[in-house]
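Residue numbering restarts at 1 for every chain, and letters A, B, ... go by the order of the sequence lines.
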Amino acid sequence: MLEKNYNPKEFEEKIYADWEESGDFKPDMRAKTEAFSVVIPPPNVTGVLHMGHALDDTLQDIVIRYNRMLGKKVLWQPGTDHAGIATQMVVERNLAAQGVSRHDLGREKFIETVWKWKEQSGGTICRQLRRLGASCDWSRERFTMDDGLSRAVRKVFVSLYKDGLIYKAKRLVNWDSKFMTAVSDLEVVQKETVGKMYYYKYPIENEDGEFVHIATTRPETMFGDTAVAISKNNPKLKHLIGKNAIVPIVNRVIPIVADEHADPEKGTGAVKITPAHDFNDFEVGRRHNLPLINILNEDATLNENTPFAGLDTQTARRLTIEKLEELGLMEKIEEHPMVVPYGERSGVVIEPMLTDQWFVDAPTLAKEAIRAVETGEVEFVPKLYEKTYFEWMRNIQPWCISRQLWWGHQLPIWYGPDGTVFCEENEADAQAAADKHYGQKVELRRETDVLDTWFSSGLWAFSTLGWPDKTEFLDTFYPTSVLVTGFDIIFFWVARMMMMSMYIMKKIPFRKVYMHGLIRDEQGRKMSKSKGNTIDPMILVDKYGADALRFFMAAMETQGRDISVKEARVAGYRNFATKLWNAARFGEMNQCAMPQGFEIKNIKLAINKWIVAKAQQASNEVTLNLNNYRFSDAANAIYQFGWGTFCDWYIELIKPMLYGEDEAAKAETRAVFAWVLDRILVVLHPFMPFITTELWNNTAQRTVKLIHAAWPQQETPDMSAAAEVDWAVGLISTIRSLRAEMNLPIGAKLNVFLKEANATSVKALQTFCPMICTLARLDKLEVYDGEVSSDMVQTVYRELTVLLPLKGVVDFAAERERLSREIAALDRHLESYAQKLGNPGFVERAPAAVVEEEKRRQAEALENKAKLQAALQRIANF
RNA sequence: GGGUGUGUAGCUCAGUUGGUUAGAGCAUUACGUUCACAUCGUAGGGGUCACAGGUUCGAGUCCUGUCACACCCACCA
């Protein structure tokens, strides 16, 4: 017995536990069928599930469940990411609350603390994924820092190093002064701000009263200036080229060089060059062999190369200006709109800083990664993201992979006493190599840097499947079938996976990349903690059930568009679940079940043929749309069928039969009801796994679990009965409409006469009369050949004139108005038909079928208009 | 500066190769608890598809331009 009310809390947890305990998420490795696999974009191990995950993982689960039901050997590989900076930040914050810094603990102790934190809070997001219904094979859960994956990381690193694709270099990098580490370009966000432009002048050496005028937004960097650049195409200033300027305060003599970086149109036309603290200046410095003067400490305070050692940049800036003013060199300060780089995580200003870092030769690795997409081996859905991918990949810069953090994969690099680098997968090998190199036992020092988190995520597609070991899973499931992710990590992750996989595996990591949009709030703003507009998906799951949230995500997911979360809409899909629940209860109450040996090809009744055909059409549509990753179309197809066709029409139409005496008809209808409900459960299961399973388990004895039930093949629906039933449905709507317009109480049983019925209508009427009477709430419905009297309200339906006798209660004025409205509506259509058909071009050049259809409509409209006019005529004088 | 999108009902959005009277959900109006369901039903109102041109027999759909908005990349001394 089904409960009276749909209450997802009662069964979601229980059903999930059963799946997991029964191993339903594990692929059947003995099966001979095609493999299908997805690797989950690993969430931050210490994170909590947000709306973006809910979308991403719902879509993946739909794809996974669909393919599982297709009978494939399916693996959804789960796992989590150690998320270097993010995790270290959280743990440091916790420590800070106890007044402890990571330096107090020391590296080893700190890492221990992080691991403890991971054990403590690391399970949250996976538990939440379970509540969402994600059918991951949890027995294979991996973590980017577990032993296997760490081994993969070391192996890849060594391989890249030995191939010359990883190198150490002293370069300008984005320096995050809060975490005191380098970060990659992608981890820097540019923010528009209104800053200030400072104008001042440097004296020219040996030329009293001569100056070169400078403009800068960062005056304090002048202590690192090693040149001034001027374009040789700058007529006003080029006479200064070749002379020397004097950096005030520190009184350093620097050359004035010719360089096209100095745009005569911008600023003063002369640019101070600070090669150690500006990316453009760095290049200028290279061109002119300028010295590099580092003026910053790791925490972004100024160093001893400046007069303001130990002070932060803001203070130093103020003091610099004061000093310049004292010297009479300051000219003006203007407001200046500018873009300032900030650390994505730390929120502090990023300083370009000259440091030793490790780089991956991304331009080289990108080549194969680009080719694989060009050839179509890897396909992006929607296609337009390929452009974004190409654009970035073709202009890719070396990837700075070293981080001066503690939490992460320590580089497998050891230095000998003289600084010689040994790159090996483990310390013993490095030691052996070093001993051999030096011809004696030496002491090695390990590189302290760790790797960018995305280095290990880049290996995810194969490392999780067991690489570098040769495993059955790697064999079976690599390359994976599809990667589902948001476009915001196309560079961070998708591109890196492509590069790493092409390099290591010589094969693509996935055949397709499905990219979805971002989740936004009701106003369409990005959700973010700082705005306080986040919605916790688990709260929606609590309120409406996981199925409702999942269906919402699927129904809203149209390619290339962001999703605004509207709670009312989630509630709406909960209502859909309720509707379905009640439909199943209706079936239960009416003993709907499929007897042994029931086959749809033996169905006799038109109404049953009709609903089966519609169900097949709907499942075809769902299949087609799922194959094309059109989630909203797939979801809507089953929604429309389930609610609009099955509940609204079929159930209502069969009631007279189920409550009637014709036992054969009843038996067939009960069976068909059960068949259709099963079909809905099957096709809806990927979207709403919980309610469908609960209903599946409670509506019949089952030999197979719904999660493994067979997905319907593409079918050719038998449409032989469709026209008849559609006729009845249309007639019911027409009569209901007329009743409503006449303001007739719903309880009043009425008689309706049909005039001018053709043979088809007469035949259909014989079959459907009881149904029509029930649904349109009629006492009597019959063909009528008598006179039309003035107290009969009438309308037209196809060839029929529909008469509704209302003795003595007709409001003639209102009726005249109604008829006139209907006629006016027809006139509007007639006008458009006449226009088209009157156009010789249309008649000659449009396909014959289109022209014929247009003619048919015109004829019908004309006929209907004539009837309505006659009716109007009849009551003209009342 | 370079690139990519978006603009359709009060709101949030569908509309696949151009072809009925442009759809859905929510909101709204009227009526209604008929024994699957008020987490509901029936019926209705509501749109010159941003604007201007063009191609075509025919344009929400294709092309060009304009306006507005969003995002991405690069950079502004």
Side-chain angles (χ1 to χ4, degrees), chain A residues 2 4-6 185 190 197-198 214-218 221 229 261-263 266-274 278-281 336-339 384-385 387-388 391-392 395 487-488 490-491 517-518 522 524 526 544 555-556 558-566 568-569 571-590 624-625 628 630 632-633 636 639-640 644 647-648 651-652 655 659 733 736-741 743-747 774-775 777 825-826 828-829 832-833 836 839-847 849-851 853-854 856-857 861:
Chain A
L2 290 169
K4 167 122 170 59
N5 292 313
Y6 163 60
D185 295 351
Q190 309 285 342
M197 179 73 88
Y198 302 88
I214 303 289
T216 182
T217 53
R218 295 190 298 161
T221 61
H261 167 60
D263 183 342
K266 286 185 183 167
T268 59
V271 190
K272 63 191 265 314
I273 302 299
T274 322
D278 181 282
F279 289 98
N280 287 314
D281 292 4
H336 180 69
M338 53 192 277
V339 181
L384 71 96
Y385 286 111
K387 279 192 184 174
T388 314
E391 191 63 28
W392 192 70
N395 298 300
F487 68 80
D488 51 327
I490 184 167
F491 305 137
L518 260 41
E522 301 217 2
K526 233 183 201 172
Y544 304 106
M556 297 308 289
T558 51
Q559 292 180 5
R561 200 150 182 152
D562 291 348
I563 293 178
S564 284
V565 177
K566 279 213 126 188
R569 195 122 191 185
Y573 292 120
R574 185 272 322 269
N575 295 354
F576 175 54
T578 305
K579 190 76 181 170
L580 195 68
W581 184 267
N582 283 305
R585 281 181 62 228
F586 174 85
E588 188 178 61
M589 287 172 194
N590 289 284
L624 190 70
N625 285 312
N628 294 322
R630 299 182 65 94
S632 79
D633 288 335
N636 285 327
Y639 180 93
Q640 294 303 338
C647 290
D648 286 352
I651 291 184
E652 296 306 323
K655 277 179 183 173
Y659 303 150
S733 295
R736 280 173 173 173
S737 209
L738 189 62
R739 287 182 65 117
E741 270 181 291
N743 239 329
L744 296 167
I746 205 98
T774 309
L775 269 67
R777 308 209 45 81
L826 282 172
R828 282 198 296 279
H829 299 158
S832 110
Y833 302 143
K836 273 192 189 174
N839 178 348
F842 176 73
V843 181
E844 283 160 29
R845 310 182 62 167
V850 174
V851 177
E853 178 61 16
E854 205 69 13
R856 196 195 58 72
R857 282 183 210 135

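- Taking side-chain N and O atoms only, A/Lys655 has no distance below 4.0 Å to OP1 or OP2 of B/rU34.
- In this model, the phosphate group of B/rU21 is approached by a side-chain N or O of A/Ser832 to a distance below 4.0 Å at OP1 or OP2.
- The phosphate of B/rG44 has OP1 or OP2 within less than 4.0 Å of a side-chain N or O from A/Ser737.
- Between A/Arg856 and A/Gly841, the residue anchored nearer the 5' end of RNA chain B, judged by the nucleotide with its closest heavy atom, is A/Arg856.
- A sub-4.0 Å separation between OP1 or OP2 of B/rG19 and a side-chain N or O of A/Lys836 is absent.
- At a threshold of 4.0 angstrom between heavy atoms, the contacts of A/Arg218 with the nucleic acid are absent.
- Residue A/Tyr385 places none of its side-chain N or O atoms closer than 4.0 Å to OP1 or OP2 of B/rG3.
- Checked by distance alone, A/Glu652 brings a side-chain donor or acceptor within 3.5 Å of a matching partner on the base of B/rA36.
- Taking the six-membered ring wherever Trp is involved, the centroid distance between the rings of A/Tyr544 and A/Tyr573 does not fall below 6.0 Å.
- Within 4.0 Å (heavy atoms only), A/Ala229 reaches no atom of the nucleic acid at all.
- Under 3.5 Å, the side chain of A/Lys579 and the base of B/rC37 form at least one donor-acceptor pair of N or O atoms.
- Note on A/Arg569: every side-chain N or O is 4.0 Å or more away from OP1 and OP2 of B/rC13.
- Residue A/Asp648 is in sugar-phosphate contact alone, with no base atom involved, counting any heavy-atom pair closer than 4.0 Å across all strands shown.
- Spacing of P atoms, B/rU39 relative to B/rC26, comes out at 13 Å, to the nearest Å.
- Nucleotides B/rU20 and B/rC11 are separated by 28 Å at their C1' atoms, to the nearest Å.
- Here A/Phe279 lies out of heavy-atom contact (under 4.0 Å) with every strand.
- Of the listed nucleotides (B/rA36, B/rU12, B/rA24), B/rA24 has the atom at the smallest distance from the side chain of A/Gln640.
- B/rC71 and B/rC13 are spaced 14 Å apart, taking the P atom of each and rounding to whole Å.
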